[in-house]
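The shown structure was predicted, so the numbers you read here are calculated from the model rather than taken from an experiment. Chain letters run A, B, ... following the sequence lines, proteins first, then strands; residues in each count from 1.
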Amino acid sequence: MKMSQLLLPTEREAPADAQALSHVLGVRAGLIRQLGAGLWTWLPAGWRVHSKVSAVIREEMNAIGGQELLMPLIQPRDLWQRTGRDQIDELFSLSDRKSAELVLAMTHEEAVTFHVSQFVRSYRDLPLILYQLQLKGRDEPRPRAGVLRTREFIMKDSYSFDCDEAGLDVSYAKHVEAYDRIFDRCGLEWYRVESDVGVMGGSGAHEYMAPCPAGENEVALAPGYAANVEVASADPTAAKTEPRLDAPLEVETPSAKTINEVSGQLEVDPSALLKAFPVVTDAGETVLAVVRGDHRVNEFKLRAVLGDLFRPATDDEIEAQIGPPGFIGPVGCGLRVLLDKAVAEQQGGWIVGANRTDLHLRGVEPGRDFDFEAADIRSVEEGDLVNGNPIRLETAIEVGNIFKLGTRYSEPLGAKFLDQDGLEQSIVMGSYGIGPARIVAAAIEQNADEMGIVWPKALAPWSIELVALGKPDSPERSAAANLYEELRELGVEVLFDDRDAGPGEKFTDAELLGCPLRVTLGKRSLESGELELQARRESTELETIALDASSAPALVEILSELT
RNA sequence: CGGGGCGUGGCGCAGCCUGGUAGCGCACCUGCUUUGGGAGCAGGGGGUCGGAGGUUCGAAUCCUCUCGCCCCGACCA
């Protein structure tokens, strides 16, 4: 590609509203441009990168027997009513001129299951893996960070169809294989972590996380362990509890409504306190969740334990059912008490709210002073132990997920088959997503320096940026043009900077765009008979090779050695 | 949905408080010079100041409404 003809609007300054590095560099390097909130155009260079990701995904999906198809983005709403997913707030809704109700698909379970239910009759038709690279629409409450969270984006979504759980396990394992290879090939640092299965249930789920500062997720990591903090479990550090007492002792804590205020007044460590978190389930039950004062309730884990959605109780509800907000506790509260394991498994006297204004209780012991169910309902923290190793927390971008759906969609949509015994069974499904745009963003976040992007070789829009110096029509320019043609004939993807611009501008743009290898040809090259090479990843190292008929093949060789 | 911020030429911004000819840098066009790290000189083009209404002799500036965008939080099947 000749740069003089390429639409590559590079910017010297960052867009004023950009925060995330991938957003800043994506715009500055001329890869993406915004059309509206959460609506982004992929410009030619950016689309090349996106396409590279898609190509890697296709190869690996095909390698596990996936078959590519394409389903509509716009879908009839009634299909979504059949699975109940029409109730999702994020579902983009619209209607046509006849007032027919339509939605923009946020994923394609309904559509693919609808079709499969028509085609699959027998266990002989299974298993099946179908996938597509197609737009998804989401009415996001808050799009953000450039291409990281948008209202419309391309997703690789695949769906597996099996006779039974054992078959699903095989399809799931195939996806693990394919995904591991995809993220490796894209040059990402990534973790496969245990993840929340959500309210819809499902028997297992993992997410692929690419660590970087712009991420929206947090992962807990220890040797041999990786989990989304939403579901992570770990052994707590010990609480600094007070000595045991024969019976709870009332203690005055005027106006102390927070853990910090109470621990300050009583001069004890926050971990010696218990924090009471009253919630009301969808079913209408008020439950008191209790964790250590220095811990936080994990709402995902609590939801899993409750088996129901819930919301925090309002101050009025707390006042009416338990006691004065700020002074509530499990002793004599009359509610079902879920006590976090970290508390249940440590002996000692705890400090809790007395359910009376300005009073707390000291020396409280679970079991003796209140009934409880023990459950793991707290969020893990940096320093907690897994198999004796301390965990660390990292922010990360979710770049992919794999999910065992079971019969969540096949049942409502009637996707059944006859098994070997002639019995009708529901198809057992899995669904698997990858966001190519997020891979692009993560690759930028993980591979950039103060000058710009440093593409992993597999994602670079071009392998080589050939910078021609000197005046137009000069001998060095025509030598560069010749080299450009030779490289093209060898099938090298080369971006030829043939613009009538100064060397500084060309070098700066090359560093911004971040192609793996920069080749410079100027008057100097003609005089010395040498080309200058610079690997983007080691931007200070200059190398030279002979400028002659061997140059192009030599560059191909050098490229193959780059990462 | 709660809180905060911003809309002035393609990009980044000043001007607004205190109403009076719409400005700066970069980019762009023409000519000449320049060509190994964002060049110089000269000339030039481009803006419904997000939109609507109002106050006023006069509104980018003051008032009301509205649309859009960004950030924090909530949410994220």
- Item | Qualifying residues under side-chain contact (heavy atoms from CB on, under 4.5 Å), relative to A:T508, sequence neighbours excluded | none
- Note on the structure: For A:D376, the salt bridge (Lys or Arg N to Asp or Glu O under 4.0 Å) test, sequence neighbours excluded, returns A:K301
- Under the side-chain contact (heavy atoms from CB on, under 4.5 Å) rule, collect the residues that match up with A:P72, sequence neighbours excluded. none
Give me the distances for all protein-to-nucleotides 38-44 of chain B N/O pairs that come in under 3.5 Å?
{"residue": "B:rG38", "atom": "O4'", "partner": "A:E505", "partner atom": "N", "Å": "3.3"}
{"residue": "B:rG38", "atom": "O2'", "partner": "A:R12", "partner atom": "NH1", "Å": "3.2"}
{"residue": "B:rG38", "atom": "O2'", "partner": "A:R12", "partner atom": "NH2", "Å": "3.3"}
{"residue": "B:rG38", "atom": "N2", "partner": "A:E505", "partner atom": "OE2", "Å": "2.8"}

- Query: Where along residues 104-117 of chain A does a heavy atom come under 4.0 Å from RNA chain B, residue by residue in number order?
  - Reply: none
- Pairs in or reaching into residues 460-479 of chain A: which pass ring pair (Phe, Tyr, Trp, His ring centres under 6.0 Å), with residues at least two apart or in two chains? none
- Distance-only donor-acceptor test (3.5 Å): side chain A:E476, base B:rG36: no
- Item | Where protein sits on nucleotides 66-75 of chain B, one letter per nucleotide: B base, S sugar-phosphate only, - none, heavy atoms under 4.0 Å | ---SSSBBBB
- Check salt bridge (Lys or Arg N to Asp or Glu O under 4.0 Å) between A:R48 and all other residues, then give those that pass, not counting sequence neighbours. A:E493
Solution key, residues 139-147 of chain A side-chain donor-acceptor pairs under 3.5 Å, sequence neighbours excluded:
{"residue": "A:E140", "atom": "OE1", "partner": "A:R149", "partner atom": "NE", "Å": "3.1"}
{"residue": "A:R144", "atom": "NH1", "partner": "A:E216", "partner atom": "OE2", "Å": "3.0"}

- Who are the salt bridge (Lys or Arg N to Asp or Glu O under 4.0 Å) partners of A:E109, not counting sequence neighbours? A:R85
- Task: Go through the structure and list residues passing salt bridge (Lys or Arg N to Asp or Glu O under 4.0 Å) with A:R499, not counting sequence neighbours.
- Result: A:D497, A:D509
Donor-acceptor list for residues 465-475 of chain A side chains, cut-off 3.5 Å, not counting sequence neighbours:
{"residue": "A:S474", "atom": "OG", "partner": "A:K471", "partner atom": "O", "Å": "2.6"}
{"residue": "A:S474", "atom": "OG", "partner": "A:R477", "partner atom": "N", "Å": "3.4"}

